[in-house]
Asks: 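My questions will all concern the structure given below.
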2 protein chains.
Amino acid sequence: MRIVITFLGPRYREGPFVPISSLDRDIESHLADKSVRYTSGRRLVVGALAKGGGPRSAAELHSDLHPRVPLSSLYRSLTVLQDAGVIVPHFSAHGITRYELAEWITGHHHHLVCLECGAVEDIDISPGMEARVRNLVDEMAGLVSFTPVSHTLEIEGRCSRCK
Amino acid sequence: MRIVITFLGPRYREGPFVPISSLDRDIESHLADKSVRYTSGRRLVVGALAKGGGPRSAAELHSDLHPRVPLSSLYRSLTVLQDAGVIVPHFSAHGITRYELAEWITGHHHHLVCLECGAVEDIDISPGMEARVRNLVDEMAGLVSFTPVSHTLEIEGRCSRCK
DNA sequence: AGAAAAGTGATAACGATTCTCATTATATGA
DNA sequence: TCATATAATGAGAATCGTTATCACTTTTCT
């Protein structure tokens, strides 16, 4: 799923923002429920994440958003948005954390990781298959009295381009 | 699978090591094939990883191995062993990388990640359950003509201690 | 408006990991 | 075996992503 959130409203310090996508409105009310302010800086971060075709690192976001969102504010926004459940961290090599919009925004999906070219592709599956995944997860967690909250099924292999 | 590799041989700088488990001998020949030396420091790192019930971070390994393996050597050993395919990195929050023995040594398993305390626990499942996982993986990969090589099912939630 | 609470931005501090370099151990071949 | 080349080691400095600090600004509440 590719989501683009565009801000038509006036710029930072020039007035209130006008959310144009229903998604942005969803995020707005989601944050309001948690009494977390949806400030201009946070909107810019969400917008940059929504534009991207995959998880983005703080450095990538900073180069996109520079100089409107300084690095320290960017990190703070990422923390706030993560705590509020709007974005989800994805940890990778070299201690780099990449973020993407939470699954309630983008939809639940899994990942195909190509061992050849390193590309990570989202894969959506049918509700039936997803139910089978969830059953397995619940059974596995039950074996050791672990309370599952979410799961990640990643398939490593060779993508169609690298075959 | 729990593996314990014990070194009966004399200590560091006191003579050659005597591998006592067939697993250690497997690793030895695996490294020999790649002309990577299986030095005493590297043996200690492998031994510490073999004892643990899940992926261990460099800091954890260091506190186990201190002062026999200094931090800089520990990191170097981890890099060498990873490049040689003996251990596998697992990236998690706060830029921490945890390592575990590769699946050709430990056998295939999945992970339970506690969202509260960050602990990662290995979970072995029955062949029947694993077959169900593999079926799902094959079906999912088939949807987009991806050739699966391996898969990782990670369950995030709350462990029994943090409940 | 005025006070309190939250957010911001520049910069310092922090911590995990990597690099440097002098020293030591191992392997190869005369 | 000895000589010598090659690789590994250990201590500490350097690096880099991320967090904390603090003075200042903005927003919210009364």
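Throughout, protein chains are lettered first and strands after them, A, B, ... in sequence-line order, and every chain is numbered starting at 1.
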Asks: Between Thr39(A) and dT26(D), is there a contact of a side-chain N or O with OP1 or OP2 at under 4.0 Å?
Replies: no
Asks: With side chains defined as the heavy atoms from C-beta onward, is the minimum distance between Val45(B) and Leu78(B) less than 4.5 Å?
Replies: yes
Asks: Under 3.5 Å, which N/O atoms of the protein pair with N/O atoms of nucleotides 5-7 of chain D?
Replies:
| residue | atom | partner | partner atom | Å |
| --- | --- | --- | --- | --- |
| dA7(D) | O4' | Arg37(B) | NH2 | 3.1 |

Asks: Going by side-chain hydrogen bond (donor to acceptor under 3.5 Å, both in side chains), name the residues that satisfy it together with Ser63(A), two or more places apart in sequence or in a different chain.
Replies: none
Asks: In whole Å, what is the span from the CG atom of Leu74(A) to the C1' atom of dT19(D)?
Replies: 13 Å
Asks: Would you list the protein and nucleotides 14-18 of chain C atom pairs, both N or O, that sit under 3.5 Å from each other?
Replies:
| residue | atom | partner | partner atom | Å |
| --- | --- | --- | --- | --- |
| dA16(C) | O3' | Gly95(B) | O | 3.3 |
| dT17(C) | OP1 | Thr97(B) | N | 3.0 |
| dT17(C) | OP1 | Thr97(B) | OG1 | 3.3 |
| dT17(C) | OP2 | Tyr75(B) | OH | 2.5 |
| dT17(C) | O5' | Tyr75(B) | OH | 3.4 |

Asks: Test: ring pair (Phe, Tyr, Trp, His ring centres under 6.0 Å). Region: residues 124-144 of chain B. Which pairs qualify, not counting sequence neighbours?
Replies: none
Asks: Could I get the full list of side-chain contact (heavy atoms from CB on, under 4.5 Å) partners for Ser126(A), not counting sequence neighbours?
Replies: Met129(A)
Asks: Note down the inter-axis angle between the two ends of the helix from dA1(C)-dT30(D) to dA30(C)-dT1(D), five pairs each, to the nearest 10°.
Replies: 30°
Asks: Rounded to the nearest Å, what distance is computed from the CG atom of residue Leu78(B) to the C1' atom of nucleotide dA8(D)?
Replies: 15 Å
Asks: Within this structure, what is the NE2-to-P distance between His66(A) and dG9(C), rounded to whole angstrom?
Replies: 12 Å
Asks: Starting at atom CZ of Arg76(A), determine the distance to atom P of dG7(C), rounded to an integer number of angstrom.
Replies: 9 Å
Asks: Assess Arg43(B) against Tyr38(B): is NZ or CZ under 6.0 Å from the centre of the six-membered ring, and within 45 degrees of the ring's axis?
Replies: yes
Asks: List in chain and number order the residues that pass side-chain hydrogen bond (donor to acceptor under 3.5 Å, both in side chains) with Arg76(A), two or more places apart in sequence or in another chain; answer none if no residue qualifies.
Replies: none
Asks: Show every ring pair (Phe, Tyr, Trp, His ring centres under 6.0 Å) that has at least one partner inside residues 41-80 of chain B, sequence neighbours left out.
Replies: His62(B)-His66(B)
Asks: Tell me the interatomic distance from Leu65(A), atom CG, to dG9(C), atom P, rounded to whole angstroms.
Replies: 11 Å
Asks: Rounding to a whole Å, what distance do you find between Asp83(A):CG and dA6(C):C1'?
Replies: 15 Å
Asks: With side-chain hydrogen bond (donor to acceptor under 3.5 Å, both in side chains) as the rule and sequence neighbours excluded, what pairs involving residues 128-139 of chain A come up?
Replies: His108(A)-Glu130(A), His110(A)-Glu130(A), Glu130(A)-His151(A), Arg132(A)-Glu139(B), Glu139(A)-Arg132(B)
Asks: To the nearest Å, how far apart are Arg68(A) CZ and dA10(C) P?
Replies: 15 Å
Asks: With sequence neighbours left out, write down each residue that passes side-chain hydrogen bond (donor to acceptor under 3.5 Å, both in side chains) with Ser150(A), or none if nothing qualifies.
Replies: Glu156(B)
Asks: Other than Val88(A), which residues form its hydrophobic cluster under the rule that side-chain heavy atoms must be closer than 4.5 Å?
Replies: none
Asks: For Phe91(B) and dT18(D), give me the distance from atom CZ to atom C1', rounded to whole Å.
Replies: 17 Å
Asks: Does His111(A) have any ring pair (Phe, Tyr, Trp, His ring centres under 6.0 Å) partners at least two apart in sequence or in another chain, and if so, which?
Replies: His90(A), His109(A)
